[in-house]
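Order of the sequence lines fixes the chain letters, A, B, ..., with proteins taken first and strands second; residue numbering starts at 1 for each chain. If you're wondering where the values come from, they're calculated on a predicted model, not measured in any experiment.
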There are 2 protein chains.
Amino acid sequence: MRFCPYAHRAHLVLAAKKVPFHAIYVNLTEKPEWLTNVSPLGKVPALEIVTVAKKPTLIESLVICEYLDEKYPENPLYPKDPLKKALDKILIERFAAVTTAMYKIFIGGPEKNPGALSDVSTGLDIYEKELAERGTPFFNGDKPGMLDYMIWPWCERSDIIPFLVGDRYKLDEKRFAKLLKWKDDMAQDPAVKSHYLNGETHANFLKTRRTGDPQYNMLVMRNPSTPAKRQRIH
Amino acid sequence: MRFCPYAHRAHLVLAAKKVPFHAIYVNLTEKPEWLTNVSPLGKVPALEIVTVAKKPTLIESLVICEYLDEKYPENPLYPKDPLKKALDKILIERFAAVTTAMYKIFIGGPEKNPGALSDVSTGLDIYEKELAERGTPFFNGDKPGMLDYMIWPWCERSDIIPFLVGDRYKLDEKRFAKLLKWKDDMAQDPAVKSHYLNGETHANFLKTRRTGDPQYNMLVMRNPSTPAKRQRIH
């Protein structure tokens, strides 16, 4: 699903690792019948490994990304030290506090969840502190690693917020100085660029989702050179 | 917390890896104040690494267990092949379907959750099939590995069920022939033995939990040689 933040994680690691792949986007409201063949719970992302006999399939975004990191050891995305690696994994898990608060804003709406905007900030505090302690532009050092990529999909989608609530909510530039700089630096990373959508586009998709009729093909429909568009015209 | 299945996971891997440790059990109803110093979300297990400067602490049972597996590479608990490892991780994740159904039985009671007992069986089907396909006594081969240990705490606690519902529910011996043999074999594993409690003991704790007054010290109180017992007498 083109707008799924978990599928986004897999795309980031595929791009960072320069692994060739073929993407098939699915409609999660009317799921294709074949989906449970590759993803038993009908979730995305699912990675079918077509180069291996019987074409085994992996699910769960973090499992997929860690598999890619181990299978393609060049440009490792985790620290080599087991303790540092474990600490990064914990920060990936703990980002759930931020994503939970963001979903409340995105799906329920900020009016119905008055505490959610400040929950996002509270959740982000530990990441600001962590960047300050590490003293590097990225959590992984001089370039993004697993932790950077695993939290990025929600950071990219934070640009939706102004389109929902206007200027009422902005991250405090002092409180989140390092994290805002990190976000700018991440936006320049080739893997991030390869799958990037701006806040307005994410917001437009979200609006269709909130009406109960998510436009999964939104990007394809807009591009006149694609078969989907031609089909639509005919 | 002595009866926590997630803390149990960490004990199994510490034992399998023969890593020396000092266990501190906590009361999760009246949490000690220091708990959030080592476990920011107040959860167990938490592993404080006292041999490293600043004594960093790890949380999340699977993160702790994977850290131990990487830090102490002898007797590796995961397959070396990244694909096989990823497939084992997915089976660890998917066991959540079984644990969710078990919690409904344990906490809500089987009467209030009439479908939960059959949900346990449906959830276990993929593990029976997997053991058959692998053709080995354990998921990891000739001895238990990460997948075996990560699902064991709930398998041990499945012996609670007869104490809750009597003989009404038993796993079908034909449908789960391999899994029941696996359970017997697991019970003989030294790491499993080192932290084992029988179904009656687990059931006794659960009963205190269901009354709203969990007896976290239940095992200590029963042992006349411990200070806790002496204190109780005085």
Asker: So for Leu41(B), is it side chain, backbone, both, or neither that comes closer than 4.5 Å to the heavy atoms of chain A?
Answerer: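 Answer is side chain: those atoms of Leu41(B) sit under 4.5 Å from chain A.
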
Asker: Could you pull out every donor-acceptor pair under 3.5 Å between chain B and chain A?
Answerer:
from     : atom 1 : to       : atom 2 : distance (Å)
Glu66(B) : OE1    : Lys89(A) : NZ     : 2.5
Glu70(B) : OE1    : Lys85(A) : NZ     : 3.4
Glu70(B) : OE2    : Lys85(A) : NZ     : 2.8
Lys85(B) : NZ     : Glu70(A) : OE1    : 3.4
Lys85(B) : NZ     : Glu70(A) : OE2    : 2.8
Lys89(B) : NZ     : Glu66(A) : OE1    : 2.5

Asker: With a 4.5 angstrom heavy-atom cut-off, which part of Ile49(A) approaches chain B: side chain, backbone, both or neither?
Answerer: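 Interface part for Ile49(A): side chain.
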
Asker: Nearest 0.5 angstrom please: Ile90(B) CD1 to Ile64(A) CD1, how far?
Answerer: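 One gets 7.0 Å once the value is rounded to the nearest 0.5 Å.
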
Asker: Starting at CG of Leu62(A), measure out to CG of Leu62(B) and round the result to the nearest 0.5 Å.
Answerer: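 These two atoms lie 9.5 Å from each other.
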
Asker: Heavy-atom pairs under 4.5 Å with chain A - which of Ala97(B), Pro56(B), Ala86(B) has more of them than the others?
Answerer: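 Max contact count across the listed options: Ala86(B).
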
